[in-house]
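Below is one structure, written out as structure tokens; the observations come after it.
Owing to the predicted nature of the structure, the values given are computational and were not obtained by experimental measurement.
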Amino acid sequence: MDQPTPPAATESLLMRMQQHQTRLPPALAKVGAWALAYPFRTATLKIGELAAAAEVSVASVNRYATALGYEGYPEFRDDLLRAFESTFAPVEKLRAAVSRDTSNAEIMRESLACDAANIARTLDLLQPEQCEEAIRLIRSAKRVYTCGMGDSAYMATFLADMLDPYVDQTIATVEFAGPERSIRRLMKIQPGDLMIAITTPRYSRRTVEHVLHARELGARTLALTDSPDSPVVPHADVTLLAGADHGVLHSSTTGMMALITALGAALARSGSNTVDRAADMAERILPYLHVVPKPGRAKPDRAKPDQEER
């Protein structure tokens, strides 16, 4: 009998549980249904307690864990606990910050220093080959969909606006208006399109699902995230990384904002007629701008005859 394949560290455990659910025999499916309904409680239960809650045998609970790729229930529960540790890590960071006798100004200085470090890390994480391929994917796409949930929704909207001058059509797939609107937009994806997915801690399961859907429909995918261990990385054709650590908040958007701005700069430089287009844009928006004269020596008013010194 083949040994079960160890679960990949980058996969979302809850997503893997959901994907296995329809393929399980009835007793194991009961365990999975209960665990998916109450994942946090499952992570705190002993094997006998979970068996009683799901109304199955202890052996069924153990076989359920094996079906997911673990050696047994203890390994499954440990992995589930680790998943929740990352989810609740921001709470613990905030708890530690609140317990310190620190001024608000000092907290703000630490935050700014953290963001400066994130930009430096984003610079260190740049891989030339990935950058070139990312620009090629954007330039060759018929349409570019940008996708993000939570804080990343704002980044996805910013990215769509940044890309707009350089691609034929950009579509921001965000959920300000709920999931129905984003799903409706994603149904139009086809081969030749590109999805750019943005996700940082806490990672969005829906973003990963949207990327998988885009790939099924034949689109290429570009991931903007913070780590090679991000759950979106295995499903992306190209990945660009940005620093997102923060001492108090669950993550910082500064590194990602800088990465998106850098993408815009590279696109502005890479086109064949970018200078002409930029000049045309400047000319068209000039009437709507408040132009401030450059400082210089003002010419003195010529005195009128009756004002001249006598």
State whether the side chain of [X] and the backbone N or O of [Y] hold a donor-acceptor pair below 3.5 Å, judged by distance alone.
{"X": "Asp193", "Y": "Lys142", "result": "no"}
{"X": "Arg23", "Y": "Gln19", "result": "yes"}
{"X": "Arg121", "Y": "Leu241", "result": "no"}
{"X": "Gln130", "Y": "Leu240", "result": "no"}
{"X": "Arg143", "Y": "Lys188", "result": "yes"}

ILVMFWY cluster, [X] and [Y] together (side-chain gap under 4.5 Å):
{"X": "Tyr154", "Y": "Leu224", "value": "yes"}
{"X": "Leu222", "Y": "Met256", "value": "yes"}
{"X": "Leu36", "Y": "Leu80", "value": "yes"}
{"X": "Leu123", "Y": "Leu125", "value": "no"}
{"X": "Leu50", "Y": "Tyr64", "value": "yes"}

_Glu106 atom CD, over 12 foreign heavy atoms within 6.0 Å_ = yes

*Above 12 or not: heavy atoms from other molecules or residues under 6.0 Å from CG of Asn104?*
no

Under 4.5 Å between any side-chain heavy atoms of [X] and [Y], yes or no?
{"X": "Thr207", "Y": "Cys147", "answer": "yes"}
{"X": "His20", "Y": "Leu68", "answer": "yes"}
{"X": "Leu24", "Y": "Gln21", "answer": "yes"}
{"X": "Thr42", "Y": "Phe76", "answer": "yes"}
{"X": "Ile198", "Y": "Val232", "answer": "no"}
{"X": "Glu133", "Y": "Arg220", "answer": "yes"}
{"X": "Thr225", "Y": "Tyr203", "answer": "yes"}
{"X": "Thr199", "Y": "Met149", "answer": "no"}

State the [atom1]-[atom2] distance between [X] and [Y], to the nearest 0.5 angstrom.
{"X": "Met162", "Y": "Met257", "atom1": "CE", "atom2": "CE", "answer": "8.0 Å"}
{"X": "Thr221", "Y": "Asp237", "atom1": "OG1", "atom2": "CG", "answer": "4.0 Å"}
{"X": "Leu126", "Y": "Glu129", "atom1": "CG", "atom2": "CD", "answer": "11.5 Å"}
{"X": "Leu137", "Y": "Met195", "atom1": "CG", "atom2": "CE", "answer": "13.5 Å"}
{"X": "Leu159", "Y": "Asp164", "atom1": "CG", "atom2": "CG", "answer": "11.0 Å"}
{"X": "Leu217", "Y": "Met187", "atom1": "CG", "atom2": "CE", "answer": "9.0 Å"}

For residues [X] and [Y], report the shortest heavy-atom separation together with the two atoms involved.
{"X": "Ala197", "Y": "Val211", "answer": "CB-CG2, 3.4 Å"}
{"X": "Thr173", "Y": "Tyr145", "answer": "OG1-CD2, 3.6 Å"}
{"X": "Val56", "Y": "Lys30", "answer": "CG1-CB, 3.9 Å"}
{"X": "Ala242", "Y": "Thr122", "answer": "CA-OG1, 3.5 Å"}
{"X": "Met17", "Y": "Ala35", "answer": "CE-CB, 3.6 Å"}
{"X": "Asn118", "Y": "Gly243", "answer": "OD1-C, 3.3 Å"}

*Using the side chain to side chain contact (heavy atoms under 4.5 Å, CB included) rule, take Leu263 and Tyr166 through it: C-alpha gap first, then chi angles, then the decisive distance, then the call.*
CA-CA 11 Å; Leu263 267 177; Tyr166 313 112; over 6 Å; no

*State whether a side-chain donor-acceptor pair under 3.5 Å links Thr200 with Asp226.*
no

*Evaluate side chain to side chain contact (heavy atoms under 4.5 Å, CB included) for Tyr73 paired with Lys46, printing each intermediate quantity in order.*
CA-CA 9 Å; Tyr73 178 71; Lys46 297 178 181 178; 5.7 Å; no

*Show your working on side chain to side chain contact (heavy atoms under 4.5 Å, CB included) between Thr261 and Phe158 and close with a plain yes or no.*
CA-CA 9 Å; Thr261 303; Phe158 174 57; 3.9 Å; yes

_Does Leu163 form a side chain to side chain contact (heavy atoms under 4.5 Å, CB included) with Ile196? I'd like the steps, not just the answer._
CA-CA 11 Å; Leu163 299 181; Ile196 307 179; 3.7 Å; yes

